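The structure under discussion appears below in the form of structure tokens.
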2 protein chains.
Amino acid sequence: MAKRGPYGKGEAKRKEILRAALEVFADEGYRGTSLRKVAARCAISLPGLMHYFDSKEDLLTQVLRMRDEAAHARQEERGASLSYREIIKEGSGTPGLVELFVSMAAAASDPAHPAHAHFARRYPVLREQVVASLRSRMDTGTIRTGIVPAERLAVLLIAVVDGIQLQWLVDRSVDMRQAADDVMALLEV
Amino acid sequence: MAKRGPYGKGEAKRKEILRAALEVFADEGYRGTSLRKVAARCAISLPGLMHYFDSKEDLLTQVLRMRDEAAHARQEERGASLSYREIIKEGSGTPGLVELFVSMAAAASDPAHPAHAHFARRYPVLREQVVASLRSRMDTGTIRTGIVPAERLAVLLIAVVDGIQLQWLVDRSVDMRQAADDVMALLEV
DNA sequence: GTCTATACGACGATAGAC
DNA sequence: GTCTATCGTCGTATAGAC
């Protein structure tokens, strides 16, 4: 769907850069990766790359946004909501990208950081989705109720996903799938 | 206990640098903080600072180690083992230091990183402590048993602590104390 | 052992020509 | 829209004074 007008080529190049950046970070990790390497992979100069993005942090933020949108699209395509096991499997498997996510989340604590808005939006949305899933399972009686309300349970479930990834980053023997199953077991009646 | 011999002064300066680094990162965050700023706060030149540390990452790793040792000493002093609420309260309250911890954990995924050994040791030790605490509470019957074994429960509890901090970093409205209470409520009989 | 001065290469960022 | 050239700052390395 190549757009005509002044935006056609630019938009394509922009996405090519984002894809290249994703590859570089997946391959070589977040640390020690420079924009010049990303630019080289696109056969472009550094200022040429910077024409499309305000800063390195801006580029990284858009990489994250791109991943989220892709995951969201995959979810909608399948129709049903993701199971907890699938959610925990989403970001994992690629240490460089998990590292990117975690490092960005830390940096985004500064309200002035470009990714701050992304995460500030992402967590409430994620919580809502988890709450909806929990409520429906509470109604059908497959999940314990009356101990911790769904809203606060969602906070915990998301924390487990993020926290497990952090542990896994440094100790690959941690079994993320087992952890997901254990969490669900604790919630069952 | 100022050591005599050739090490007295140097060791004191080394600790002064570590304390100064801790302050700078607590004040200005992990991002955008340079060794030159830390050196300036110690009234020393940059190479003077680097005399005590192999690299920036080495310094940061030792800052983390210092915090862990301080927390451990505080725990031993009190005699009793930390409650879960106290553990979750430990690192929090200072965004810059939480940011430091998270960023370092992400970077330490690389086995070549100086902090890799630190985290690779820290998590198993932490898990053992949590397992011991869980076992004693399982024996006295104040905690559910038979659903998830203590070893795997420990992995989850630590994940919640780390994950909650990540959420809190970007959304300060998240109530970490409430989360800690909720986790314990789920484990109770 | 403790420390200063100086310098190096790489980084992200910007100015201005084409 | 993309380039060359350049800037200031970063982490790091070396030489050498005391």
Side-chain angles (χ1 to χ4, degrees), chain A residues 2-18 20-21 24-25 28-64 99-100 103-104 107-108 110 112-115, chain B residues 2-21 24-25 28-64 99-100 103-104 106-108 110 112-115:
Chain A
K3 274 203 68 175
R4 53 245 147 275
Y7 277 61
K9 186 182 177 188
E11 191 59 20
K13 194 78 184 173
R14 209 184 68 91
K15 290 199 171 167
E16 182 193 339
I17 294 172
L18 286 176
V24 174
F25 286 112
E28 313 190 21
Y30 174 73
R31 195 168 126 261
T33 298
S34 69
L35 292 187
R36 281 175 173 88
K37 280 186 196 167
V38 177
R41 198 176 282 221
C42 301
I44 205 179
S45 72
L46 174 62
L49 186 149
M50 295 301 288
H51 171 71
Y52 295 95
F53 305 93
D54 294 336
S55 66
K56 179 185 188 180
E57 292 175 333
D58 176 45
L59 191 162
L60 262 29
T61 303
Q62 296 199 35
V63 168
L64 242 53
E99 196 189 338
L100 173 64
S103 299
M104 290 290 287
D110 182 351
H113 192 286
Chain B
K3 273 203 68 175
R4 52 247 148 273
Y7 277 62
K9 186 182 176 187
E11 192 58 20
K13 194 76 185 175
R14 209 185 68 91
K15 290 197 171 167
E16 181 193 338
I17 294 172
L18 286 176
R19 265 190 299 269
V24 173
F25 286 112
E28 314 189 22
Y30 175 73
R31 196 169 123 262
T33 297
S34 69
L35 291 187
R36 282 174 173 87
K37 280 186 195 168
V38 177
R41 197 176 283 222
C42 300
I44 204 179
S45 74
L46 175 60
L49 187 150
M50 293 305 287
H51 170 71
Y52 296 96
F53 305 94
D54 294 337
S55 67
K56 178 186 187 179
E57 291 174 334
D58 176 44
L59 192 162
L60 261 30
T61 304
Q62 296 200 34
V63 168
L64 242 52
E99 197 190 337
L100 173 64
S103 300
M104 290 289 288
D110 181 352
H113 192 286

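Order of the sequence lines fixes the chain letters, A, B, ..., with proteins taken first and strands second; residue numbering starts at 1 for each chain. Here the structure is a predicted model, which means the values were calculated and not measured.
Nearest heavy atom pair, residue B:K56 against residue B:T33, reads NZ-O, 3.5 Å.
In this structure, A:D54 and B:A43 both approach DNA chain C, and ranking their closest nucleotides by distance from the 5' end singles out B:A43.
As rounded to whole Å, 9 Å separates atom C1' of C:dC11 from atom CG of A:L35. Taking atom NZ of B:K15 as the reference point, atom P of C:dT2 lies 14 Å away to the nearest angstrom. Computed from coordinates, the A:L60 CG to C:dA13 P distance equals 10 Å when rounded to whole Å. Taking atom CD of A:E57 as the reference point, atom P of C:dC11 lies 17 Å away to the nearest angstrom. Taking atom CG of residue B:L49 and atom C1' of nucleotide C:dT4, one finds them 13 Å apart after rounding to whole Å. In this structure, A:M50 places its CE atom 14 Å from C1' of C:dA15, rounding to the nearest Å. Distance NZ (B:K37) to C1' (D:dG11): 15 Å, rounded to an integer number of Å. In this structure, NZ of B:K56 is placed 9 Å from P of D:dC10, rounded to the nearest angstrom.
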Could you walk me through whether A:R14 and A:Q62 pass the side-chain contact (heavy atoms from CB on, under 4.5 Å) test, one step at a time? CA-CA 10 Å; A:R14 209 184 68 91; A:Q62 296 199 35; 2.3 Å; yes
Report the C-alpha separation of A:F53 and A:T61 in whole Å, then their side-chain angles, then the decisive distance to 0.1 Å, and conclude whether the side-chain contact (heavy atoms from CB on, under 4.5 Å) test is met. CA-CA 10 Å; A:F53 305 93; A:T61 303; over 6 Å; no
Starting from the C-alpha separation in whole Å, work towards a yes-or-no answer on side-chain contact (heavy atoms from CB on, under 4.5 Å) for A:F25 and A:V63. CA-CA 10 Å; A:F25 286 112; A:V63 168; 5.5 Å; no
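Among the nucleotides C:dG12, C:dT2, C:dT6, the one closest to any side-chain atom of B:P47 is C:dT6. If you check C:dC3, D:dG11, C:dC11 against the side chain of A:R36, the one that comes closest is C:dC11. Among the nucleotides C:dA5, C:dT2, D:dT2, the one closest to any side-chain atom of B:Y52 is C:dT2.
Within the 4.0 Å cut-off from OP1 or OP2 of C:dC11, at least one side-chain nitrogen or oxygen of A:S34 is found. Distances shorter than 4.0 Å separate some side-chain N or O of B:H51 from OP1 or OP2 on C:dT2. At D:dT2, one or more side-chain N or O atoms of A:K9 fall inside 4.0 Å of OP1 or OP2 (strictly under the cut-off). In terms of phosphate contacts, A:S55 brings no side-chain nitrogen or oxygen within less than 4.0 Å of OP1 or OP2 of C:dG12.
In this structure, A:L46 reaches the bases: a heavy-atom distance under 4.0 Å links it to at least one base atom across the strands shown.
Atom OG of A:S103 and atom CZ of B:R31 lie 12.0 Å apart (nearest 0.5 Å).
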